[in-house]
Colleague: 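Handing you this structure, nothing more for now.
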Protein chains: 2
Amino acid sequence: MKIGQATIKDIARELNLSASTISRALKDYPGISDETKKKVKEVAEKLNYRPNAIALSLRKSRSYTIGVIIPEVVHFFFSTVISGIEEVAFSRGYNVILTQTNEKLEREKSSINTMLSNQIDGFMISFSKETSDFDHFSQLLEQNYPIVFFDRVPDLDGAVNVIVDDYQGAYDATKHLIEQGYNTIAHLAGPKNLKICIERERGYRDALKAHQMPIREEFILECADGTPEHSKEITRKLIANFADKPDAIFANNDMVAAGAMMACKEAGLRIPEDVGIVGFSDWQICTLVDPSLSSVYQPGFQIGSKATELLLDMIEKKISADQIQSPVVLNTKLIMRKSSKKRE
Amino acid sequence: MKIGQATIKDIARELNLSASTISRALKDYPGISDETKKKVKEVAEKLNYRPNAIALSLRKSRSYTIGVIIPEVVHFFFSTVISGIEEVAFSRGYNVILTQTNEKLEREKSSINTMLSNQIDGFMISFSKETSDFDHFSQLLEQNYPIVFFDRVPDLDGAVNVIVDDYQGAYDATKHLIEQGYNTIAHLAGPKNLKICIERERGYRDALKAHQMPIREEFILECADGTPEHSKEITRKLIANFADKPDAIFANNDMVAAGAMMACKEAGLRIPEDVGIVGFSDWQICTLVDPSLSSVYQPGFQIGSKATELLLDMIEKKISADQIQSPVVLNTKLIMRKSSKKRE
DNA sequence: AAGGCTTATTCAAACGTTTGCAATAAAATC
DNA sequence: GATTTTATTGCAAACGTTTGAATAAGCCTT
């Protein structure tokens, strides 16, 4: 920090007034004459006075800062969420302190600790893939720290969770493929320890059931790391090993879908004529691949903004956690593009 | 913040010692008996003591927090840079406070102000597209605030800038197209107020010159907003209006390249046989589009980490700004993929 | 036994604010 | 002219920590 930044005391000295008077004058408290207010403000301006938020925090035991903990920043979905968080936080006068865990539990815990040390007013958390027990979260909840979980959320009493309707999204996607006339729909699933992935798989299964289609376990393949390379690999095998090939693929996310798409093209299969493909998340890549990829839109920005609204309301005691019926579920939306449109 | 968080005073009361002793004991200062140290640490543990970083900041006039100001979070390049920043900051014990300007100058200024209020130890800035004069930066520099600019950097005395060798990257890309036997290379340029874009265009021009190829101004088109839609539009016209069409395109970034690719396919042109395309940045999409897109890799993570290293070194007075020869230029790397490989 | 070192601890001020209460002075009331 | 009211300002403590200087006790030295 810069030495010589003007403080209230400097203004006080300059005007031969006390610090308390300056403080009140700057804040337009009643009981300060208009004349002094004016003078104080002039001098403040002249000295380029800037209130010291740290001192204020210490005094008020409030930092006007929220801590955001996410698995990774370089991720279309999460960066979109951050954007929503940042937007609301900024407009309500809060700072955002950000850390990424790189999917490491240890880092998650240590981030929580530094943030606690930094007296942040509340947490926004989407936990890492490594996180399987939630004790470190329970502790925070017990101590009444305001927390909102989003996307990857724990099953904890009293936790406020903001999620997307993964089940419905997956259901819609699968239903859409069925309605387009595809008969054997495979699913490239995500890691089983993430609820969101389980929900997507559940939506997929339920849609099949609802349309009296058999669920074939050999066509549900886990593509845990979610990279296009891995998915390409898996899809290759899927195509090669089965005489009776699937004619559609519902993928757990868009990267996986893109990988599957590459494998299909490589095998000489036409999309959407021979194989229909639907992804999940509706990333930018959907409109850039050829053919354009149908996908389930997740309102990332809204997740961020909604979650932040809730958190700030909790912090400012406008509402308490138990007044919020959790989880808050935001709607997904199926975006149909070429990759799944067999029929006109 | 949670009420009832244990403080040094609480430990002091419990052990009938003074606050100063506790402080020193916790920090293993000499002059405290081993016995007391032990007792203090036990009690600290028991009470779940956590140092109050805010109080520390006030005392030390140091917040161990750096402020990051970027145009937008939802952007592959910037999110990668953030990741690099976060990594280094975390490992050196600093917090990262993040704001995005959404390309608005006003927001840039106001972010600087809140960060100043929050006594951050230094700034990392990539400025907005609206920013054309740099007075608000000069002021900070004059007051000796540590700042490192990255990617979009101002021309200011005493500023430490970290950038990528855009010129060389563009030169390499263009040279590559020439060597592949393309004869008429168009350039889809970026907004002229960003130095990075001007540099890329300059690299393109110089590569043409160096190979005795004519520079045709009608084939240098500004695609200012950088969206694939816009670029598709422009490329369509480029193809339609000229009898003597370009047979290659060097785009200012990958999105623009992807848009151009779509327009070419639409017009029935084969890539890379009829048209060669090279983008810039090497985003994820490069491997997902068909054919895969050649591009110039920008080391985003390294920009972030290098810039942060420099900033923290400045903050910790290991080096001063004038000892750093600015700009620090990181190398780009041409990644050749299918979209530009006419020859084997 | 008095002075001088060590060792262990405490005191008090400081960082920049805010805020309940007290103090002062001027003005208004009777 | 004495008393109350009103308007304006100041005092001092507090938030949690660090740190230079001061203190107190114990031990050694001569």
Side-chain angles (χ1 to χ4, degrees), chain A residues 1-41 43-44 47-65 93 114 116-121, chain B residues 1-41 43-44 47-65 93 114 116-121:
Chain A
M1 182 191 9
K2 194 54 207 54
I3 27 63
Q5 173 61 282
T7 73
I8 280 192
K9 291 184 187 172
D10 296 323
I11 306 180
R13 201 172 315 118
E14 180 112 1
L15 288 169
N16 263 314
L17 288 171
S18 73
S20 29
T21 304
I22 309 301
S23 171
R24 296 195 243 255
L26 288 171
K27 291 239 146 70
D28 276 329
Y29 261 52
I32 302 290
S33 72
D34 290 347
E35 196 193 359
T36 0
K37 281 187 189 171
K38 186 158 149 283
K39 274 192 291 186
V40 167
K41 287 177 183 172
V43 175
L47 298 183
N48 193 21
Y49 169 75
R50 209 173 270 118
N52 183 323
I54 295 281
L56 217 179
S57 293
L58 184 59
R59 183 68 231 268
K60 298 248 188 168
S61 298
R62 293 267 279 103
S63 63
Y64 289 92
T65 300
T114 31
L116 285 175
S117 257
N118 280 280
Q119 317 297 115
I120 56 161
D121 295 340
Chain B
M1 184 192 8
K2 195 52 206 52
I3 27 64
Q5 174 59 283
T7 73
I8 279 191
K9 290 185 187 172
D10 296 322
I11 306 179
R13 201 172 315 117
E14 180 113 358
L15 289 170
N16 263 314
L17 288 171
S18 73
S20 25
T21 305
I22 310 300
S23 172
R24 295 197 239 257
L26 287 171
K27 292 241 147 69
D28 276 327
Y29 261 55
I32 302 288
S33 72
D34 290 347
E35 196 194 358
T36 2
K37 279 187 190 171
K38 186 158 151 282
K39 276 194 289 185
V40 168
K41 286 178 184 172
V43 176
L47 298 183
N48 193 21
Y49 169 75
R50 208 174 271 115
N52 184 323
I54 296 282
L56 217 179
S57 294
L58 184 58
R59 179 70 230 268
K60 297 248 187 164
S61 299
R62 293 267 280 102
S63 63
Y64 289 93
T65 300
T114 31
L116 285 174
S117 257
N118 280 279
Q119 316 297 116
I120 57 160
D121 295 341

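Remember, predicted model here, so these are calculated numbers, not experimental data. Reminder, nothing fancy here: chain letters follow the sequence lines and each chain counts from 1. The basis for the numbers below is simple: all heavy atoms, side chains too, and nothing from hydrogens, waters or symmetry mates.
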Colleague: Does OP1 or OP2 of D/dT9 have a side-chain N or O of A/Thr21 closer than 4.0 Å?
Modeller: no
Colleague: With sequence neighbours left out, write down each residue that passes side chain to side chain donor-acceptor pair (under 3.5 Å) with A/Ser33, or none if nothing qualifies.
Modeller: A/Thr36
Colleague: What residues form a side chain to side chain donor-acceptor pair (under 3.5 Å) with B/Ser20, not counting sequence neighbours?
Modeller: B/Ser18
Colleague: Take the protein atom NZ of A/Lys37 and the nucleotide atom P of D/dA7, then report the distance between them rounded to whole Å.
Modeller: 13 Å
Colleague: Assess whether one donor atom and one acceptor atom, taken from the side chain of B/Arg24 and the base of C/dT10, lie less than 3.5 Å apart.
Modeller: yes
Colleague: Among residues at least two apart in sequence or on other chains, which ones pass side chain to side chain contact (heavy atoms under 4.5 Å, CB included) with B/Ala44?
Modeller: B/Ile11, B/Leu26, B/Tyr49
Colleague: With the threshold set at under 4.0 Å for non-hydrogen atoms, list the residues of residues 26-36 of chain A touching DNA chain C in residue-number order.
Modeller: A/Lys27, A/Tyr29
Colleague: Whether the side chain of A/Ser117 engages the backbone of B/Asn52 through a donor-acceptor N/O pair (distance < 3.5 Å, no angle test) should be reported.
Modeller: no
Colleague: Kindly write out the residues that satisfy side chain to side chain contact (heavy atoms under 4.5 Å, CB included) with B/Asn16, not counting sequence neighbours, or none if the list is empty.
Modeller: none
Colleague: Check ring-ring contact (aromatic ring centres under 6.0 Å, His included) between B/Tyr64 and all other residues, then give those that pass, not counting sequence neighbours.
Modeller: B/Tyr94
Colleague: By side chain to side chain donor-acceptor pair (under 3.5 Å), which residues pair with B/Ser63, not counting sequence neighbours?
Modeller: B/Asp121
Colleague: Which residues satisfy the salt bridge (charged side-chain N to carboxylate O under 4.0 Å, His left out) test with A/Asp34, sequence neighbours excluded?
Modeller: none
Colleague: Quick one: list whatever passes side chain to side chain contact (heavy atoms under 4.5 Å, CB included) with B/Ser23, sequence neighbours left out.
Modeller: B/Ile8
Colleague: Taking CD1 from B/Ile11 and C1' from D/dT17, how many angstroms apart are they, rounded to a whole number?
Modeller: 12 Å
Colleague: Between D/dC11 atom P and A/Leu17 atom CG, what is the distance in whole Å?
Modeller: 11 Å
Colleague: Under the side chain to side chain donor-acceptor pair (under 3.5 Å) test, which residues partner B/Lys41, sequence neighbours left out?
Modeller: B/Asp28
Colleague: How long is the line joining CG of A/Leu15 and C1' of D/dT9, in whole Å?
Modeller: 13 Å
Colleague: Would you tabulate the nitrogen or oxygen pairs shorter than 3.5 Å linking the protein to nucleotides 12-16 of chain D?
Modeller:
| from | atom 1 | to | atom 2 | distance (Å) |
| --- | --- | --- | --- | --- |
| D/dC15 | O2 | A/Arg59 | N | 3.3 |
| D/dG16 | N2 | B/Ala55 | O | 3.4 |

Colleague: Would you say the side chain of A/Thr65 lies within less than 4.5 Å of the side chain of A/Asn118, judging by non-hydrogen atoms?
Modeller: no
Colleague: What pairs of nitrogen or oxygen atoms, one from the protein and one from nucleotides 23-28 of chain D, lie under 3.5 Å apart?
Modeller:
none

